[in-house]
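Step one of this worksheet: look at the structure below.
Side-chain atoms are counted along with the backbone in the values below, which use heavy atoms only and exclude waters and symmetry mates. The structure displayed is predicted, hence computed values, not measured ones. The sequence lines fix the lettering, A, B, ..., with proteins before strands; numbering per chain opens at 1.
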Amino acid sequence: MKSIGEIAKSLGTGIVTMFKRLPFAFYILAHPFDGFYELKNDPRRHNLPGAVFLFLVLALTSIMKRQLTGYLFTEPFAQMNLNVPYEIAIAVLPFILFIIANWCFTSLMDGDGKFRDIFTATAYATIPMSICNLLAIPLSNFVTISESGMYNFVVAFGYVWCYGMVFIGMLVTHQYTVKKAIATAILSIVGMAVIAFIIVLIAFLVTQVAGFVIQLYTEISFRLNE
Amino acid sequence: MKNGFLKTALTLVLLAAMTVTVALPALALPINSDIADNYIYNYNRQPVQAPLAYKAIRVIGYEDLGLDRQFQPSDIYVRGDYLYIVDKGGNRVIVLDQNYQVVSIISELKNAPALYAYIPGKTNSDGSPFQDSEMLSHNKNTFYAPEGIYVDEDGLIYVADTQNRRIVMCDINGNVQNVIQGVRVDVINDYAFKPVKIVVDRTGSFLVIGYAVNRGLLEIDSDGTFRSFVGAPPVTYNAADWFWRVIATEEQKKQLVKYVPTEYSNINIDDRGFIYATISTISAPELLTAIAGNSVSGALAPVKKLSPAGSDVLRRTGKYPPVGDLMFFFNSSPQIVDVAVDDESGRYTIIDSRSGRFFTYDPDGNLLYMGGGSSTDQNGRFRTANSIAIRGEHIIISDVGNKSITVYETTEYARLINSAVSSNAAGRFEEAADYWDKVTTFNSNMYIAYIGLGKAEMRQAMANYDETRFDHYENALVYFSKATEKENYSKAYGELRKEELSKNFSFIFIGIIIIIVGIIVLYFVRKSLKKKKRGAK
């Protein structure tokens with residue numbers, strides 16, 4: 001039985017290790033192939049909490065981008081109502097879906113990566129998007145419409161860099177050839193759509209069943225009260 | 001004792017409440033005191049409440065004019081002091097003065113020439129000209145279902161005497177000056193000339209909407225020869241129609257409506273010679289497409305401004321096109337049947353006969369305000385409004401369903417907007433800004449008011465080259481963001497940025513130099529530190 005002090009201490013050391021291991025992300029940005037290989041195979045580089053932290057950073061920068069982007073690059077008055085859980089979901093959910101779909105397919109297609117490897121690699125690959133979000137905010141407050149190309153370039157660059165990193169990450173993590181990596185990437189996207197469809201379907205069915213049960217309950221309670 | 005005090009207090013409170021309730025309507029602002037659901041479409045095309053802009057001050061029924069139930073106003077026109085009404089059902093022209101009292105009723109024509117009973121170009125089998133037997137029974141000294149009217153500056157009345165197939169020019173007493181009939185339009189086979197609406201341009205030639213003519217307005221010389229078609233509406237034909245055409249069987253194809261260009265429903269001319277024409281037959285899906293695309297071209301526009309050459313020159317620079325209502329059900333699409341133009345400021349009002357609402361736009365195509373509504377027996381509402389005319393601050397609308405003429409007056413709110421638009425058109429932007437400022441106190445959803453204010457601030461900022469110009473730019477930014485005007489906002493921001501940069505140029509320059517020098521120094525310091533480390537090893 002651990003005491004609270006011990007738990008706090010292990011938590012503290014965990015957080016410290018997480019932050020100590022995070023700067024490796026910048027090494028990955030500069031050397032993606034070596035970086036992702038090391039991230040997967042060197043136990044000293046493993047950083048699952050760091051991956052979660054990076055997804056939170058992505059969500060935070062997305063919300064910042066939504067709220068702080070200059071007037072010229074936002075929908076009028078859109079910043080007046082903000083739904084934080086929704087924004088977090090919009091920013092992070094596609095990646096989570098991708099991770100699940102990718103894991104599903106690659107475990108059938110001789111992929112070397114375990115779920116935690118895919119998760120960590122994808123999280124580290126989102127760093128360019130966070131950086132470009134942060135860069136786009138001051139830029140959007142400085143340029144005019146005629147110079148909007150600069151802003152659009154920074155945003156688009158963030159997306160392209162991020163998706164490129166995800167691709168390289170999958171390539172290295174699963175030890176695939178480029179052809180196979182492209183095939184699994186396409187399959188993963190299809191899988192994302194399938195998962196999204198199933199989620200919607202289940203949600204719909206659950207609401208139906210719940211509605212039926214509630215209706216049944218009301219009906220019976222009315223009868224009993226008669 | 002205590003109870004009694006409570007009772008008295010309660011009674012007093014109740015009494016006070018009742019007094020307030022009774023007195024409230026009297027205390028209320030003069031705006032919106034009418035029963036009306038006035039609205040304006042905001043920057044996002046959503047209908048939002050707006051103050052009352054038009055107040056019905058007078059409804060004139062056929063009894064008020066001393067007429068019978070045959071009264072069927074089909075077109076009205078204002079020239080000078082007089083209002084001219086053409087009565088399709090009673091076959092007459094009624095002239096009212098400024099106080100809407102009858103000046104004259106023209107039902108008998110004097111000195112009218114014989115009716116032209118032939119159809120130009122059509123012959124019988126033996127080669128003799130074909131005579132239309134129906135026309136022989138018509139009386140040349142009366143109108144027969146006239147539908148259009150125009151009055152020139154000298155007071156000469158032009159009546160489109162539709163079923164008599166002629167244009168009658170007469171004075172206020174019915175003395176005929178001239179008649180145009182038997183106009184030969186070669187392009188259309190066996191065409192019996194039936195004028196529906198008419199205006200006369202500055203060269204003296206007639207522009208006529210012909211019955212069942214869909215190739216545009218007929219331009220007819222003053223001597224009665226047909227010259228050309230003007231402003232032909234484009235054929236409306238879309239992908240869905242094409243698809244159904246392809247898969248339909250021969251039987252079904254026969255049932256499909258033939259694809260013909262739409263006809264104009266009414267025309268009007270301003271003092272500069274531009275013709276305003278309306279089309280009432282645009283279908284709901286087409287109209288919704290045009291609205292969604294904020295179509296600048298006149299392809300699917302219910303109102304057009306035709307230059308003398310016949311091209312559409314109406315400005316449509318608003319956040320939504322000038323089409324009347326933007327939201328409607330598919331089975332009740334707006335039918336824009338007439339337009340009236342204010343010569344001084346160039347603003348125009350279109351009337352939708354389906355909903356009975358009329359909408360006033362500025363010359364750039366921004367919606368200013370609206371009025372009217374649909375109802376059977378309510379003052380200021382219409383059953384089937386069909387024609388509109390403008391006289392200064394009055395709008396006159398005829399309703400063929402209720403057999404009445406309704407006179408509207410603009411409210412203080414609308415007059416403020418009118419003044420602002422007029423000042424703007426005249427180039428007095430500072431004055432316009434003052435008016436716009438007052439308009440925003442009435443209606444904060446008036447996005448063009450903020451555009452006007454923002455533009456005025458921009459001008460002030462550019463005119464005053466001193467410290468205040470920064471404040472003016474900042475104000476302009478606030479106004480443009482309220483108006484959701486990104487283009488203008490960007491322009492103002494670009495100017496402000498330029499000014500700020502040149503003002504603080506020395507600081508920025510020094511800052512950049514310091515950063516560069518700092519980086520170089522750091523680089524060398526690090527290098528020497530590394531060397532030292534190596535040396536130490």
OH/A/Y71: more than 12 non-hydrogen atoms of other groups inside 6.0 Å: yes

Neighbour count >12 (heavy atoms, 6.0 Å) for atom CZ, A/F26: no

Residues of residues 480-496 of chain B with any heavy atom under 4.5 Å of a heavy atom in chain A: B/F480, B/S481, B/K482, B/T484, B/E485, B/K486, B/E487, B/Y489, B/S490, B/Y493, B/G494

For A/F33, ring-ring contact (aromatic ring centres under 6.0 Å, His included) partners two or more places apart: none

B/K455 NZ: over 12 foreign heavy atoms closer than 6.0 Å: no

Under 4.5 Å from a heavy atom of chain B, the part of A/F77 involved: side chain

Residues from residues 446-453 of chain B approaching chain A under 4.5 Å (heavy atoms): none

For B/S423, all residues meeting side chain to side chain donor-acceptor pair (under 3.5 Å), sequence neighbours excluded: B/E431

